[in-house]
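There's a structure below that I have some questions on.
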Amino acid sequence: MAGGALPGFRDFYPHEFAQRAHIFRAWREVARRYAFSEYDGPPLEPLDLYTKKSGDEIVGQLYNFKDKGDRDVALRPEMTPTFARMVGARANALRKPVRWFSIPQLFRYERAQRGRLREHFQLNVDIVGEASELADAELLCVAIDIMKELDLGPADVRARVSDRLLLNALLAAIGVASEQVPVVFSVIDKIDRVSAAATEEKLAETGLNPSQIARIVGLTARQTLDSLKREFGTDGALGERFAVLDRYLAHLTALGVDDWIDLDLRIVRGLAYYTGIVFELFDAKGELRAICGGGRYDTLLESLGGANLPALGFGMGDVVLGELLKERGLLTVPEGSGADLFIVGGNGVLQHGIAHALRLASILRDAGLSVDYSLNAEVYQTRASRNQVDSAKKSGARAAIYFDNETDVVVQGLIGKLNDAPKMSFPAVPLLANTPHAVAVLKNWYELNLTGSATGAPSLTPDA
RNA sequence: GUGACUGUAGCUCAAUUGGUUAGAGCACCGGUCUGUGGCACCGGGGGUUGCGGGUUCAAUCCCCGUCAGUCACCCCA
């Protein structure tokens, strides 16, 4: 459609914004439970923050330009360099381990596809200053707990875990030379998207013999540490790495998330900078792109000019996650304003002037309730009250409030069938006099009867 | 950046092998029902058929271009 947002960019109408807010809420809530602190940085950064480490070819995927001061700048395509700079600048002053998270909007100039836009929000969760595998377990547990918070279970989402150091040790045991390792990693990364013949050819090109190739391909099918131990033994560096992973998995079991996890040595992550345990979260059906990916990058902070500190983190975008939630019917949000109370006038209820409604609205708003009403005084006073109730209901208001007679105002719940919804009369005179007790009684009744799941209030789960 | 497919109302879709004024449901707006409806009924606003050319007496339909979307590559922070 002409006149829409730029390609790969999204307009968030209130409905979409509510969906986004639902995801953000889960992110922040779980991060809070794990005692992470939120931070942010600039959306516009010096171009060389990204080219220094990744080389000039990354410019093709950046929104970059010269600003009016002739500086080369770019919209941030990822958070890690900013994070590294911020941590590096205060590395000595920060209490370790650093547990930080952020929800930046990131930009990349490339052709949009499903689950891959030119702009997205990405939860970044990072831990700095702790080399123990317990930190790795904690990090993955955060990602999994977010899935739980969004009502996804281990049948919906799988966490695939690997370890670059283990893979290195296994490849060494197979006889792969260190200069061959990057090629092997790249082949393993693509093994599902490339034919077996092409995989073998690529490996053969690097000088590996058929027996080595067979063992490498065999690695990508292994499911358990035990089978690897049987094949390769537990001596030396390999054995030490097995021990680390055994402890890592034991921690995850103790944290209660072991049924989400699959060992999968195919997960190497495209990025060269990962140095240890890595993981990705996928939908269990394997239809979508990765929901989340991360791992340990113990050398990255130093190479980005920061401190020499061990670190690990993950990124989780809102796009694929949103697709998955929509597919599972877990992203339904209430329509409309969701006002607490909608003041109804018109024939059918006591004819009061609009001033009474405004007075009531003002008092209730001061008490912290959200209040809506017709913004046309003539409509308020003349339109049939039942039509106004209809409008109130459609607007998403939880309850209508109207002057029933000279002495009472009535609060009528609007959720579900009207005759099943809670309804209560309150004395009008003390309310309009803003008597604290009268207002508190109404508010308490509202909160007890019209909020929370017990009343069938709008929830984020589909209607039965 | 490469290739394939698809573009009709806010949404989901119609429209006879190319043929009058492009329709319907939902949504939206207004009204009727003096009171229970997750109604019902009546009415209304909404479209340069993505855009621009071409072929034709005539184009939503055929052709070309362009833009956008989807998918596969590329890339994946």
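Reminder, nothing fancy here: chain letters follow the sequence lines and each chain counts from 1.
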query = Does B:G43 have a Watson-Crick or wobble mate here (both distances under 3.5 Å), and if so which one?
reply = B:C29

inquiry  = Please check: side-chain N/O of A:K423 versus main-chain N/O of A:A421, any donor-acceptor pairing under 3.5 Å?
reply    = no

task = Find the partner of B:C74: check Watson-Crick (N1-N3 plus N6-O4 or O6-N4) and G-U wobble (N1-O2, O6-N3) distances, both under 3.5 Å, and reply none if neither fits.
result = none

query = Looking across every strand, which nucleic acid part, if any, lies under 4.0 Å from A:G8 by heavy atom: base, sugar-phosphate, or nothing?
reply = sugar-phosphate

task = Start with the C-alpha distance between A:E327 and A:K285, add both sets of side-chain angles, then the distance that settles salt bridge (charged side-chain N to carboxylate O under 4.0 Å, His left out), and finish with yes or no.
result = CA-CA 12 Å; A:E327 215 168 71; A:K285 291 182 189 166; 5.1 Å; no

query = So, A:S162 versus A:D264: side-chain donor-acceptor pair below 3.5 Å or not?
reply = no

inquiry  = Rounding to an integer number of angstrom, what distance separates B:U8 and B:G47 when you compare their P atoms?
reply    = 15 Å

ask   = Within the structure shown, what part of the strands sits under 4.0 Å from A:N387 by heavy-atom distance: base, sugar-phosphate, or nothing?
value = base

inquiry  = Between B:C29 and B:A68, how many Å separate the two P atoms, rounded to a whole number?
reply    = 33 Å

request  = Give the intermediate values and the outcome of ring pair (Phe, Tyr, Trp, His ring centres under 6.0 Å) for residues A:W27 and A:F101.
outcome  = CA-CA 9 Å; A:W27 284 349; A:F101 79 100; 9.3 Å; no

note = Separation of B:G1 atom C1' from A:Y109 atom OH, nearest Å, is 10 Å

remark   = Rounded to whole Å, the CG-C1' distance (A:D390 to B:U36) equals 11 Å

task = Mind checking A:R116 for me? I need base, sugar-phosphate or nothing, with any heavy atom below 4.0 Å counting as a touch.
result = base

Whole angstrom value for the distance that separates C1' of B:G30 from CD of A:E378 = 13 Å

